[in-house]
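Reviewing the structure listed below.
Keep in mind that the numbers below use all heavy atoms, side chains included, and drop hydrogens, waters and symmetry copies.
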Amino acid sequence: MPEFFNVVPPTEALDILLRNLRDIVTDKEALPLSQTLGRVTAEEVIANENLPAFPRSAMDGFSVRAKDTFGATEGLPAYLDIIGEVPMGQTPQITVSEGQAARAYTGGMLANGADAVVMIENTLEVDEKTIEVLRPAALGEHVIQVGEDIRVGERVLPNGHKIRPQDLGGLAGLGLTSAIVAKRPRIAIVSTGDELVPPDQAPLPGQIRNINTSIISALVIKAGGVPVVLAIAKDDFGSQRAAALSGLEQADILVFSAGSSVSSRDMTAEIFQSFGNPGVLLHGISHKPGKPTIVAMIKDKPAIGLPGNPVSAFVVFNLLVKPAIHTLMGLDRSTEPLTVQAKLIRDVASIAGREDHVQVSLIYENDSLLADPIFGKSNLVYTLIKADGSITIPMDTGGVYAGQSVPVQLY
Ligand code: AMP
Ligand code: MG
């Protein structure tokens with residue numbers, strides 16, 4: 001059986017891939033705010049205004065001069081005359097002088113001359129014209145100051161930031177109704193194999209339905225890219241090369257599924273190399289599942305050969321293709337991946353010199369989170385469907401034991 005030479009650790013494979021993407025310029029586009037959720041900023045955003053733009057009451061109550069309330073207690077309240085109100089959305093038409101108060105509403109402006117707000121709960125209305133203030137208000141109390149939320153010139157969002165719902169609110173609040181974001185990278189997906197038929201066809205004996213294209217397309221969308229799905233390519237050089245060429249013309253990254261191993265039927269490496277240098281950068285990673293993995297550069301575009309087994313394709317996509325998509329979008333990846341700690345309930349064996357990815361299902365029991373490893377061959381796609389996440393067993397570790405706390409990367 002042919003052997004892999006020079007398998008590289010997965011982290012090194014990722015380094016090699018990302019190093020080759022360094023000089024690729026992120027394409028930008030300006031989009032209306034409503035279309036930017038989940039997109040990645042391609043420029044930092046600087047505040048063009050102060051927020052709030054005027055001092056706002058943080059409470060329902062009365063705007064007052066703080067010094068008129070000094071020393072007020074329930075036993076010895078300060079008596080203030082109500083001179084009117086400042087309606088919401090309007091500038092004050094009234095001015096409080098010594099011993100006076102004006103009705104204030106949450107988010108509204110203060111009366112002229114006022115420098116604090118007494119919340120309604122700390123007052124008693126003696127009659128329509130008078131309140132008792134039961135506690136002193138400090139200068140500026142319950143007042144949101146100009147620029148307290150954000151100031152002109154401050155950074156609203158960094159470059160490379162994935163836009164969240166609250167970010168849209170922050171931009172809207174400043175009147176920034178569009179944002180400059182990275183274009184979504186296009187990922188061409190070619191599933192190869194004589195045994196494959198599309199999911200809407202009944203396979204003959206020996207044939208199987210194409211699982212990987214569905215998984216990979218969805219992973220592309222989840223990573224922020226646009227899948228460009230090509231037809232299944234047969235295991236012959238001409239078909240696969242034509243598919244690769246078409247994919248490269250239409251997309252920023254080319255992904256091949258299957259044929260990535262080293263037997264005579266496995267053609268992906270040969271196809272990638274047929275376009276000339278740089279060609280195949282590495283073939284084989286010390287990772288389970290997913291050893292038969294290929295990373296290539298075809299001119300200035302990355303091409304990745306994923307293993308055909310669905311679980312391997314899924315795992316290696318997350319290991320290499322997802323970070324490549326993020327890098328092309330200029331996404332700051334320092335916040336990835338999200339993990340939770342869980343207690344392993346069974347031993348997981350591994351061998352040193354190889355990184356392992358093991359699917360786990362999570363169980364809540366007596367307020368603690370348990371991780372149950374799911375074992376199964378990498379051809380069994382339902383091991384992924386039962387999983388809530390996966391654990392990584394590092395290269396230099398011989399295994400992890402029941403009772404150990406492990407970080408689980410969530411799906
Ligand atoms: P290969 O890399 O071609 O040796 O494929 C490895 C295994 O993955 C074989 O059992 C294939 O039948 C299976 N396989 C390859 N491509 C797909 C696919 N698109 N969907 C489901 N299984 C696949
Ligand atoms: Mg095959």
Side-chain angles (χ1 to χ4, degrees), residues 1 4 7 9-10 13 191-193 195-197 199 203 205-219 222 255-263 266 284-293 304-322 337-365 369-395 397-411:
M1 184 186 152
F4 279 98
V7 296
S191 277
T192 69
E195 73 279 28
L196 300 180
V197 299
Q207 296 182 327
I208 58 165
R209 294 192 183 92
N210 177 4
I211 289 175
N212 291 355
T213 293
S214 297
I215 296 182
I216 297 166
S217 307
L219 287 171
K222 235 182 128 187
V255 172
F256 257 51
S257 144
S260 61
S261 199
V262 288
S263 88
D266 293 311
I285 57 175
S286 45
H287 194 272
K288 188 190 172 194
K291 186 176 179 185
T293 289
I304 292 154
L306 298 178
N309 281 323
V311 178
S312 314
F314 177 88
V315 169
V316 176
F317 182 98
N318 285 328
L319 224 51
L320 297 175
V321 187
K322 180 178 160 187
L338 270 187
T339 62
V340 294
Q341 285 295 130
K343 198 158 94 182
L344 205 60
I345 60 171
R346 277 188 282 167
D347 292 348
V348 180
S350 174
I351 57 167
R354 184 183 80 195
E355 186 175 298
D356 285 18
H357 250 76
V358 178
Q359 313 304 320
V360 299
S361 67
L362 291 171
I363 307 156
Y364 276 104
E365 208 175 83
L369 198 54
L370 307 177
D372 189 7
I374 301 168
F375 300 110
K377 299 186 179 66
S378 52
N379 216 307
L380 306 179
V381 71
Y382 274 82
T383 57
L384 284 179
I385 290 141
K386 291 173 196 146
D388 298 306
S390 68
I391 59 172
T392 303
I393 303 169
M395 295 273 284
T397 312
V400 279
Y401 297 97
Q404 263 180 265
S405 174
V406 290
V408 177
Q409 291 136 43
L410 297 176
Y411 289 149

Inset, instruction - Go through the steps to decide whether V381 and I215 satisfy the test side chain to side chain contact (heavy atoms under 4.5 Å, CB included), and finish with yes or no. - result: CA-CA 10 Å; V381 71; I215 296 182; 3.9 Å; yes

Inset, instruction - Taking all heavy atoms of F4 and all of S261, pick out the closest pair and write down the distance. - result: CZ-OG, 3.8 Å

Legend entry - Heavy-atom pair with the smallest gap, counting every atom of P10 and L320: O-CD2, 4.5 Å

Legend entry - Sequence-distant partners of N309, side-chain hydrogen bond (donor to acceptor under 3.5 Å, both in side chains), two or more places apart: S378, N379

Legend entry - Close side-chain approach of S217 to T213, heavy-atom, < 4.5 Å: yes

Legend entry - Least distance between heavy atoms, P307 atom then S260 atom: CA-OG, 3.3 Å

Legend entry - Exceeds 12 heavy-atom contacts within 6.0 angstrom, atom CG of L338: no

Inset, instruction - State whether the number of non-hydrogen atoms from other residues, nucleotides or ligands found under 6.0 Å of Y401 atom OH is greater than 12. - result: no

Inset, instruction - Keeping to residues at least two apart or across chains, list the salt bridge (charged side-chain N to carboxylate O under 4.0 Å, His left out) pairs with something in residues 348-360. - result: R354-D356

Inset, instruction - Find out whether L306 and N212 are in side-chain contact, i.e. whether some heavy atom of one side chain is under 4.5 Å from a heavy atom of the other. - result: no

Inset, instruction - Could you tell me whether a side-chain N or O of N318 sits under 3.5 Å from a main-chain N or O of V315, the two making a donor and an acceptor? - result: no

Legend entry - Heavy-atom closest pair, residues V360 and P373: CG1-CA, 3.9 Å

Legend entry - Pairs where residues 369-384 contributes a residue and the test salt bridge (charged side-chain N to carboxylate O under 4.0 Å, His left out) is met, not counting sequence neighbours: R346-D372

Inset, instruction - Side-chain contact test, heavy atoms from C-beta onward, threshold under 4.5 Å: evaluate it for I208 versus L196 and give yes or no. - result: yes

Inset, instruction - Looking only at non-hydrogen atoms, find the nearest pair between G308 and S257 and report the distance. - result: CA-OG, 4.5 Å

Legend entry - Parallel, tilted or perpendicular, as decided by the 30° and 60° cut-offs, for the rings of Y411 and F314: perpendicular

Inset, instruction - Evaluate side chain to side chain contact (heavy atoms under 4.5 Å, CB included) for V255 paired with V321, printing each intermediate quantity in order. - result: CA-CA 8 Å; V255 172; V321 187; 4.0 Å; yes

Inset, instruction - Would you indicate whether the side-chain heavy atoms of S361 and I374 approach each other to under 4.5 Å? - result: yes

Legend entry - Sub-4.5 Å side-chain heavy-atom contact between V348 and F375: yes

Inset, instruction - Could you tell me the separation between the NZ atom of K322 and the CG atom of L219, rounded to the nearest 0.5 Å? - result: 8.5 Å

Legend entry - Side chain to side chain, L369 and V408, heavy atoms closer than 4.5 Å: no

Legend entry - Any Q341 side-chain heavy atom under 4.5 Å of P407 side chain: yes

Legend entry - Q359 versus A387, closest heavy-atom pair with distance: CB-CB, 3.7 Å

Legend entry - Evaluation steps, side chain to side chain contact (heavy atoms under 4.5 Å, CB included), between K291 and V7: CA-CA 8 Å; K291 186 176 179 185; V7 296; 4.0 Å; yes

Legend entry - Rounded distance [0.5 Å steps], CG in D388 versus CD in Q409: 13.5 Å

Legend entry - Distance in Å, T192 OG1 paired with N210 CG, rounded so as to fall on 0.5 Å steps: 9.5 Å

Inset, instruction - Dump the intermediate steps for side chain to side chain contact (heavy atoms under 4.5 Å, CB included) on T293 and H287, then the final yes or no. - result: CA-CA 9 Å; T293 289; H287 194 272; over 6 Å; no

Inset, instruction - With the side chain counted from C-beta on, respond yes when I391 and L344 share a heavy-atom pair under 4.5 Å apart, and no when they do not. - result: yes

